[in-house]
Number of protein chains: 2
Amino acid sequence: MSTPRQSRADRRRATEARILDSARELFAEKGFDRTTIRAVATAASVDPALVMQYFGSKRELFSRAVQAFSVLPETPDSDALVEQLLATLDFKLGGLPEGAVAMLRSMLTDPAAAEYVRDALDRQIDGVSAALSPATEYPELRAALFVTTLLGVTIGHQFLGLTALHGAPPDRIAALLRPAFKALAEPSG
Amino acid sequence: MSTPRQSRADRRRATEARILDSARELFAEKGFDRTTIRAVATAASVDPALVMQYFGSKRELFSRAVQAFSVLPETPDSDALVEQLLATLDFKLGGLPEGAVAMLRSMLTDPAAAEYVRDALDRQIDGVSAALSPATEYPELRAALFVTTLLGVTIGHQFLGLTALHGAPPDRIAALLRPAFKALAEPSG
DNA sequence: CCATTCGCTCAACACTTGTTGACTCACCTG
DNA sequence: CAGGTGAGTCAACAAGTGTTGAGCGAATGG
């Protein structure tokens with residue numbers, strides 16, 4: 001066996017990916033503070049020092065692990081705004097990427113995560129606001145209510161496991177939310 | 001001065017109250033994990049060991065500090081359900097007691113806090129559900145949507161400081177939410 | 001007024017944490 | 001095949017954590 005099955009660079013990339021996967025999973029499950037570098041290293045079958053060598057710090061590891069986080073994949077257009085918002089429910093209730101879960105889970109206790117989420121939601125609110133009919137009063141506020149409503153439902157479902165939400169199919173939730181969202185989108189407040 | 005201005009028992013009660021106040025404030029500001037017994041003790045001008053002596057453990061201190069937490073003060077009645085829900089917005093946006101803030105802030109990272117909040121919200125959902133018109137389809141789910149919506153708005157405002165929500169007066173938020181809530185309370189889904 | 005209680009502090013333990021530097025050894029290159 | 005490079009490990013440090021037991025001194029009660 002003169003040649004190993006994997007080149008050094010390949011192994012390197014693989015270990016780095018394994019570390020990032022373990023980190024993402026643990027950050028999503030326990031949040032930033034309660035996830036230790038040692039736990040990540042163990043989950044990735046690697047020495048803790050290697051995690052440091054690759055990512056420099058726990059913070060940097062977190063940033064790298066959760067990157068490409070987005071709550072609302074696409075920017076909505078004005079025609080079917082409500083339907084587009086409701087369509088993200090499928091995504092939010094169960095299909096949420098681990099990076100997003102990690103970010104959301106840490107947002108109430110880690111200022112850096114809070115800032116990140118706030119900025120992301122602010123951007124999202126701007127998008128929704130712009131998609132509302134121009135005649136609408138208080139478009140930013142309405143947009144914020146759309147977004148925070150979805151945030152609340154997500155938290156209640158994914159993080160708290162509220163019993164009334166637990167068994168409900170996303171379609172039914174969307175169906176009940178639809179009239180409410182339509183009312184919220186009505187220009188005449 | 002044969003008699004001190006405060007009896008020993010008075011001093012004891014006062015110190016205990018001071019510790020509880022400091023704990024509540026710090027737990028509300030930083031959450032369970034990031035609040036240290038030493039920090040609480042310092043804020044209360046007391047030795048860390050005394051905190052342990054009085055409360056036994058950090059967990060117990062937390063429980064005692066946040067006690068009497070409730071998100072929805074009164075159980076709603078069926079007539080003016082929506083108005084009662086909207087009326088809690090004043091309370092939630094700024095007037096939230098520190099104990100509640102502490103509990104909410106820790107709910108995503110501390111399983112004990114998560115369970116507490118989940119149970120509290122479940123109970124609240126039951127109450128709202130019972131207050132809905134008997135002809136309503138999926139009353140628990142609708143109730144859950146009411147509660148999670150308010151939760152989302154609260155988080156967006158109090159914890160994330162979303163810009164679109166920051167400057168908005170509670171009345172205006174309530175006014176915009178009213179048609180949406182009315183639609184959600186409509187028996188015909 | 002003296003013995004006792006008890007509020008309170010001091011110093012320390014045992015543990016976990018993020019982080020670092022020296023080291024080993026397999027792989028790559030000339 | 002020899003020398004270097006770099007992936008990966010080992011052991012340790014320094015700081016911070018919850019928690020504990022011995023002790024001090026003032027209020028208390030007989």
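Every chain is numbered from 1 and lettered A, B, ... according to where its sequence line falls, protein lines coming before strand lines.
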Worksheet entry | Earlier contact from the 5' end, DNA chain C, for A:Phe32 and B:Val46 | B:Val46
Fill in: Presence of B:Thr15 side-chain N/O under 4.0 Å of C:dC8 phosphate oxygens OP1/OP2
yes
Worksheet item: Looking at D:dA27, C:dT9, C:dT17, which one has an atom nearest to any side-chain atom of A:Thr36?
Response: C:dT17
Worksheet item: Rounding to a whole Å, what distance do you find between A:Leu50:CG and D:dA11:P?
Response: 16 Å
Worksheet item: Distance check: side-chain N/O of A:Tyr54 vs OP1/OP2 of D:dA7, anything under 4.0 Å?
Response: no
Fill in: Nucleotide C:dC6, atom C1' - distance to CD of B:Glu16 in whole Å
14 Å
Item to complete: Using a strict 4.0 Å threshold on nitrogen-to-oxygen distance, state whether B:Glu29 and B:Arg105 make a salt bridge.
Response: no
Worksheet item: Hey, does the Lys NZ or Arg CZ of B:Arg64 hover above the aromatic six-ring of B:Tyr54, less than 6.0 Å from the centre and inside 45° of the axis?
Response: no
Item to complete: Round to the nearest Å and state the distance from A:Ile37 atom CD1 to C:dT16 atom P.
Response: 17 Å
Worksheet item: Which nucleotide in the list C:dT9, C:dC28, C:dG21 gets nearest to the side chain of A:Ser7?
Response: C:dC28
Worksheet entry | Position toward the 5' end of DNA chain D (nearest nucleotide), A:Arg38 or A:Asp47 | A:Asp47
Practice prompt. Whole angstrom is fine here: how far is it from CZ in A:Arg12 over to P in D:dT9?
Written response: 13 Å
Worksheet entry | Integer-rounded Å distance: D:dG16 P and B:Asp33 CG | 17 Å
Fill in: 5' priority, DNA chain D, between A:Pro48 and B:Ala9 [closest heavy atom]
A:Pro48
Worksheet item: What does B:Phe55 touch in the nucleic acid at a heavy-atom separation under 4.0 angstrom: a base, only the sugar-phosphate, or nothing?
Response: nothing
Worksheet entry | Atom-to-atom span, CG of B:Asp110 to C1' of D:dG18 - whole angstrom | 15 Å
Discussion item. Of the options C:dC6, D:dG8, C:dG21, whose atoms approach the side-chain atoms of B:Arg8 most closely?
Written reply: C:dC6
Worksheet item: For A:Arg11, which contact category applies under a 4.0 Å heavy-atom criterion: base, sugar-phosphate, or nothing?
Response: sugar-phosphate
Worksheet item: Pick the nucleotide of DNA chain C nearest each of A:Arg34 and A:Ala49; which residue has the one closer to the 5' end?
Response: A:Arg34
Worksheet entry | Over-ring placement of B:Arg59 relative to B:Phe32, 6.0 Å and 45° cut-offs | yes
Worksheet item: Between D:dT9, C:dC8, D:dT19, which nucleotide has the shortest distance from any of its atoms to the side chain of B:Lys58?
Response: D:dT19
Worksheet item: Could you give the CD-to-C1' distance, from A:Gln53 to D:dG8, as a whole number of Å?
Response: 7 Å
Discussion item. I'd like to know if A:Arg123 pairs up with A:Asp126 as an ion pair, taking the criterion as any Lys NZ or Arg NE/NH1/NH2 lying under 4.0 Å from an Asp or Glu carboxylate oxygen.
Written reply: no
Fill in: Between D:dT19 (C1') and B:Glu60 (CD): distance, integer Å
15 Å
Worksheet item: Less than 4.0 Å between a side-chain N and a carboxylate O, is that true for A:Arg13 and A:Asp10?
Response: yes
